[in-house]
Amino acid sequence: WVPTCQPSLGSGTASDGSSCSQNTDCASDWCISGSCTSACGLDSDCTGALSGRTCEMVSIVDTAQQPVYVAQFCMP
């Protein structure tokens, strides 16, 4: 597992913990299970509005629902 820094892809303004319907809604670029979230490496990385969440592996899929890669995110 190697964490990486990636450029922001969108112009979303919703903060972590806010409800969302697509990645472009979120300032973090990540809308997972209807909530803006951020990548993490440990549970302790889930701070602020994400406090109390756990750092879990999430499979990212393409439009055909085929797995592309796996990353960790702060999940409820």
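Only heavy atoms go into these numbers, but all of them, side chains included; no hydrogens, no water, no symmetry mates.
A side-chain donor-acceptor contact under 3.5 Å links Ser35 and Arg53. Using a 3.5 Å distance cut-off with no hydrogens or angles, the side chains of Ser38 and Asp16 do pair a donor with an acceptor.
Between the Asp29 side chain and the Asn23 main chain, no donor and acceptor come within less than 3.5 Å of each other. Side-chain atoms of Ser59 never come within 3.5 Å of backbone atoms of Val70 as a donor-acceptor pair (strictly under, hydrogens ignored).
The distance from atom OG1 of Thr54 to atom CE of Met75, rounded to the nearest 0.5 Å, is 8.0 Å. Of the inter-residue distances, the one linking Ile32 atom CD1 with Phe73 atom CZ reads 4.0 Å to the nearest 0.5 angstrom.
Taken together, Cys36 and Cys26 meet the criterion of an SG-SG distance shorter than 2.5 Å.
In plain terms, the two heavy atoms of Leu50 and Cys74 that are nearest each other are CD1-CB, 3.9 Å.
Trp30 and Met57 are members of different hydrophobic clusters when ILVMFWY side chains are connected at heavy-atom separations under 4.5 Å. Using a 4.5 Å cut-off between side-chain heavy atoms of Ile, Leu, Val, Met, Phe, Trp and Tyr, with links allowed through other members, Val68 and Val58 fall into the same hydrophobic cluster.
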- request: Kindly indicate, with the supporting measurements, whether the criterion disulfide (SG to SG under 2.5 Å) is fulfilled by Cys40 and Cys55.
  value: CA-CA 6 Å; Cys40 56; Cys55 188; 2.1 Å; yes
